[in-house]
A.B. asks: 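Here you go, one structure.
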There are 2 protein chains.
Amino acid sequence: MLHHSDQLDLMYQALADASRRAMVERLALGPASVSELAEPLDMSLSAVVQHLQVLEASGLVHSEKVGRVRTCRIEPQALDIAERWISQRRAIWERRFDRLGQILANQANEQDKESKS
Amino acid sequence: MLHHSDQLDLMYQALADASRRAMVERLALGPASVSELAEPLDMSLSAVVQHLQVLEASGLVHSEKVGRVRTCRIEPQALDIAERWISQRRAIWERRFDRLGQILANQANEQDKESKS
DNA sequence: TGAATGGTGAAGCATACGCTTAAGTATCCT
DNA sequence: AGGATACTTAAGCGTATGCTTCACCATTCA
């Protein structure tokens with residue numbers, strides 16, 4: 001079984017490469033074969049297959065071979081997991097920031113009262 | 001100057017490590033010193049500093065030294081950039097999915113008409 | 001002043017990554 | 001059958017990553 005943290009490792013690692021992101025961008029437009037994915041990339045087909053393996057291991061992409069062509073498609077729920085971690089951190093940070101704002105506002109209020117007394 | 005794509009490389013690379021994510025999670029709660037960041041992590045202080053450098057290079061974290069303690073804090077706008085790439089891919093994928101739904105609905109409609117003629 | 005604290009910098013090392021080339025397999029087409 | 005297409009697999013290679021240890025500073029405090 002895969003730990004949630006390992007899952008994130010694989011996913012962010014997969015996204016940390018411009019070629020792989022290009023492949024995901026292409027697949028966001030619709031399914032594609034391996035050679036179609038390779039076409040815009042300046043590297044051997046072998047290298048593309050290796051990138052594809054990284055994407056598949058991360059769960060971001062799934063592929064299936066029929067006849068001699070392998071068709072790849074994105075797994076959009078996997079993107080959710082990657083996105084969720086980020087948005088949760090941001091939410092925590094913003095909540096903290098709001099609290100901080102309140103504290104500062106209260107302090108200003110207190111000082112205001114004091115100056116009037 | 002830093003290309004947008006390199007920026008994403010650095011950011012996702014930075015997030016692709018559980019220790020570094022732990023550091024970001026800690027910093028989401030508020031600023032911390034290097035040793036505070038190191039405390040829950042099972043590695044040398046030196047290693048933590050190296051992780052910190054990766055986080056700083058990515059723009060996710062900023063730090064500043066006063067006296068002999070370095071205080072670190074997250075840079076929440078940097079998280080936005082990472083999040084945006086993902087949500088944009090998802091948006092494109094979903095738009096495509098909607099179109100596909102329409103096409104299938106239209107086809108079903110056509111077939112329906114034919115079967116009645 | 002001298003010890004403790006908090007961090008810095010460099011070197012070294014094992015493993016992982018991103019790529020290449022080269023040789024092979026399975027499928028499709030004529 | 002024979003050739004073209006679409007991968008697949010394995011080996012190799014240079015560089016990057018994630019640590020460690022050890023030798024340093026600076027600051028702070030007794």
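Convention: sequence-line order gives letters A, B, ...; per-chain numbering from 1. Remember, it's a predicted structure, so these values are computed and weren't measured experimentally.
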A.B. asks: Using a 4.0 Å heavy-atom cut-off to protein, can you give one letter per nucleotide of nucleotides 19-30 of chain D, 5' to 3': B if the base is in contact, S if only the sugar-phosphate is, - if neither?
C.D. replies: BBB-----BS--
A.B. asks: Look at the side chain of B:R20 and the backbone N and O of B:Q13, then say whether any donor-acceptor pair between them is shorter than 3.5 Å.
C.D. replies: yes
A.B. asks: Atom CG of B:L52 and atom P of C:dG6: how far apart are they, to the nearest Å?
C.D. replies: 16 Å
A.B. asks: Keeping the roles fixed (side chain from B:Y12, backbone from B:A82), state whether a donor-acceptor pair exists under 3.5 Å.
C.D. replies: yes
A.B. asks: Side-chain N or O of B:Q13 less than 4.0 angstrom from OP1 or OP2 on D:dA16?
C.D. replies: no
A.B. asks: Calculate the interatomic distance between A:E64 atom CD and D:dT8 atom P; express it in whole Å.
C.D. replies: 13 Å
A.B. asks: B:Y12 OH to C:dC17 P: how many Å, rounded?
C.D. replies: 19 Å
A.B. asks: Report the distance from atom CZ of A:R70 to atom P of C:dT27, rounded to the nearest whole Å.
C.D. replies: 12 Å
A.B. asks: Does A:E36 reach a base, just sugar-phosphate, or nothing at all? Heavy atoms under 4.0 Å.
C.D. replies: nothing
A.B. asks: Separation of A:D6 atom CG from C:dA16 atom P, in whole Å?
C.D. replies: 14 Å
A.B. asks: Is there a continuous path of hydrophobic side-chain contacts, each under 4.5 Å between heavy atoms, that joins B:V61 to B:L41?
C.D. replies: yes
A.B. asks: Considering residues at least two apart in sequence or located in another chain, which fulfil the side chain to side chain donor-acceptor pair (under 3.5 Å) criterion with B:E25?
C.D. replies: A:W85
A.B. asks: How long is the line joining CD of A:E39 and C1' of D:dA6, in whole Å?
C.D. replies: 15 Å
A.B. asks: Considering only distance and modelled atom types, tabulate donor-acceptor pairs under 3.5 Å from the side chains of residues 31-39 of chain A, sequence neighbours left out.
C.D. replies:
| residue | atom | partner | partner atom | Å |
| --- | --- | --- | --- | --- |
| A:S33 | OG | A:E36 | N | 3.1 |
| A:E36 | OE1 | A:S33 | N | 2.8 |

A.B. asks: A:V69, A:V49: one ILVMFWY side-chain cluster at the under-4.5 Å cut-off?
C.D. replies: no
A.B. asks: So, does A:K65 get its side chain near the phosphate of D:dT8, meaning an N or O under 4.0 Å from OP1 or OP2?
C.D. replies: yes
